[in-house]
Amino acid sequence: MSKYVNETIKKIAPSGIRKFFDLANQMEDVVSLGVGEPDFETPWHIRQEAIYAIEHGYTFYTSNRGLDALRQEICKYYQRRFSLSYNWKEEVIVTVGASEGIDLTFRTILNPQDEVILLQPSYVAYEPLVTLAGGVSKIIELKEEHQFKLLPEQLEAAITDKTKILFLNFPSNPTGGIMTYEDYKALIPIIKKHDLLVLSDEIYAELSYDQTFVSIASFEEIKNQVIILNGFSKAYAMTGWRLGYLLAPRDIVTHMIKIHQYGIMCPSTISQYAAVEALKYGDNDCKMHKDSFEARRNFLVNNLNRIGLTCHMPQGAFYVFPSIKNTGLSSEEFAERLLQEQRVAVVPGSAFGTCGQGYIRISYAYSLNQLKEAIKRMERFMQQFNL
Amino acid sequence: MDEIKLLKLIEKDARISVRDLADVLNESESDVLDQISKLEQQQIICGYHTVINWDKAHNETVSALIEVGATPSKETGYDAIAEKIYRYPEVTTMYLMSGKSEFIVVINGKTMRQVADFVAQKLAPIEGVHRTETYFVLKQYKVEGVVVLSKPNEDKRLIVTP
Ligand SMILES: Cc1ncc(COP(=O)(O)O)c(C=O)c1O
């Protein structure tokens, strides 16, 4: 019956992660380091608020933009944590995860053939969503030797007269790379000169370890060219609640809201009540999660280097992206054999763009004991390469 | 070295190896070892214990929490009375409290009879103690931050996600 299906959709390849999931999922005794979500359960006080909302009948639609109280708290949060002010009435939309925010932004902004600069290796959803919105992705390949940062000369070289959007995601899934204030500063004149709209996926902002997080919207001279995408999934361990938000200039929000109101109406009301609690009283949860991830990061990276999977200390998110080039295997071969031979699941780097070839993504959203077992198995696996 | 981080790690898992601690803290093993010895000498680390669910170990014990009303002596204050109480090995935990009673004492015994005897024969007669109120523990839910569940926490996540 696929004759009925839209031609653009037919051309979109299924996610490389999905294939790998199917393989790993049929096996027993697998230690997975393949997951892109925190292992913590949502903090109890936040769950309690959702239960309260259900018990007391807060189960109706909210306004399209989201609960007033939630939008107010989102703005207070950005002010408190990152010194950025947004107007809760006009510049915020509460979305179904950052995922909806990404899709919504592309669909609001892109005309057919407009170009979007994506930085790869990247989160898997960006490129297909650009295609679905009728845009064209222009890929910049970030390099390990630059710690997966974007350099001004790379940006300059990728811009054409069709370029409309620069899409950023720091701290990055899958590399764990970040951009500092100084790193961004070098990009600002280029962004200004070419009048680019910057989309900044800041979902891992709370998971920045050695440096404090900087949003590109902190540069006053381009703030009205920036759309911030964020959500509750990673910072508060709320992936299943499907809640995120975007912060954008008023004139763009006015148009975004049309797609959102007809396509979504509003995200789950119950999740929204829980999120108010998270923003009001959850700063300490974020801190605890971050401290715990930092400990695991150090543990994992020190051990990976010991067993011959050399990598830098990533500065954010909860991923390590080591090179496996010295094994002579492709990413897929490496991941598949590691799974078959030692029952450890990692994600091939190529799932995050062609330039991810030669790397694997390892998640450290696992307990020290799980990481330890995985390291033991990976060490056995690495021995065959005589490195 | 971040001493508080080190302490929090050992507080949660006293059996964590020095090498793992060194990896987690990004320090050398010898530095971690030195720091731990220092903390032990300073009595900041006071012991390494295990949380045991005795209910499951087929080894019946009874625990009781006892509120102790006491009048301090002029010279030595509360500490001297406290010492007379906590010296007994049956006492596992003891605090000086604000509120109605001066002390909270936790004791473990083999039987209820034993606990009652302890209170009547050892605790109540101590000079300065004028009142005791004993609460027997019926069931443990959470001890030292650990929920004493019957089954271990399972990973509810999918095995691979983006
Ligand atoms: C970089 C990045 N952006 C967005 C998302 C989607 O997040 P949400 O759960 O808020 O839709 C993810 C989830 O893995 C992610 O890694």
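Proteins come first, then strands; the chains are lettered A, B, ... in the order of their sequence lines, and each starts at number 1.
- Annotation: side chain of B:Asp23 is in contact with side chain of A:Arg306 (closest heavy-atom distance under 4.5 Å).
- In this structure, the portion of A:Leu368 lying under 4.5 Å from any heavy atom of chain B is its side chain and not its backbone.
- Residue A:Phe20 holds its CZ atom at 9.5 Å from CD1 of B:Ile159, rounded to the nearest 0.5 Å.
- By the neighbour-count criterion of 12 heavy atoms within 6.0 Å, atom CE of B:Met112 is sparsely surrounded, having that number or fewer from other residues, nucleotides or ligands.
- Remark: B:Thr161 OG1 to A:Phe21 CZ distance equals 9.0 Å, nearest 0.5 Å.
- For CD of A:Gln340, the number of neighbouring non-hydrogen atoms (other residues, nucleotides, ligands) closer than 6.0 Å is greater than 12.
- At most 12 non-hydrogen atoms from other residues, nucleotides or ligands lie less than 6.0 angstrom from CD of B:Glu144.
- Against chain A, the residues from residues 8-17 of chain B that qualify, each with a non-hydrogen atom under 4.5 angstrom away, are B:Ile16, B:Ser17 in number order.
- For B:Tyr135, the side-chain hydrogen bond (donor to acceptor under 3.5 Å, both in side chains) test picks out B:Glu67, B:Glu133, with sequence neighbours left out.
- If you take CG on B:Asp155 and CD on A:Gln370, they are separated by 6.0 Å, rounding to the nearest 0.5 Å.
- The parts of B:Asp20 that come within reach of chain A are both its backbone and its side chain, each placing non-hydrogen atoms under 4.5 angstrom from that chain.
- Judged by distance alone, the side chain of A:Arg361 and the main-chain N or O of B:Pro162 form a donor-acceptor pair under 3.5 Å.
- Both the backbone and the side chain of A:Ala365 come within less than 4.5 Å of a heavy atom in chain B.
- Residues A:Asn303 and B:Arg19 are in side-chain contact: their nearest non-hydrogen atoms beyond the backbone lie under 4.5 Å apart.
- Comparing A:Ile17, A:Val35, A:Val347, A:Asp291 by how many heavy-atom pairs each has under 4.5 Å with chain B, the most go to A:Val35.
- No more than 12 heavy atoms of other residues, nucleotides or ligands shown are found within 6.0 angstrom of OH on B:Tyr141.
- For A:Asn173, the part lying under 4.5 angstrom from a heavy atom of chain B is the side chain only.
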ask   = Should A:Glu294 and B:Val24 be marked as a side-chain contact (heavy atoms from CB on, under 4.5 Å) after you check the CA-CA gap, both sets of side-chain angles, and the distance that decides it?
value = CA-CA 8 Å; A:Glu294 186 178 353; B:Val24 166; over 6 Å; no

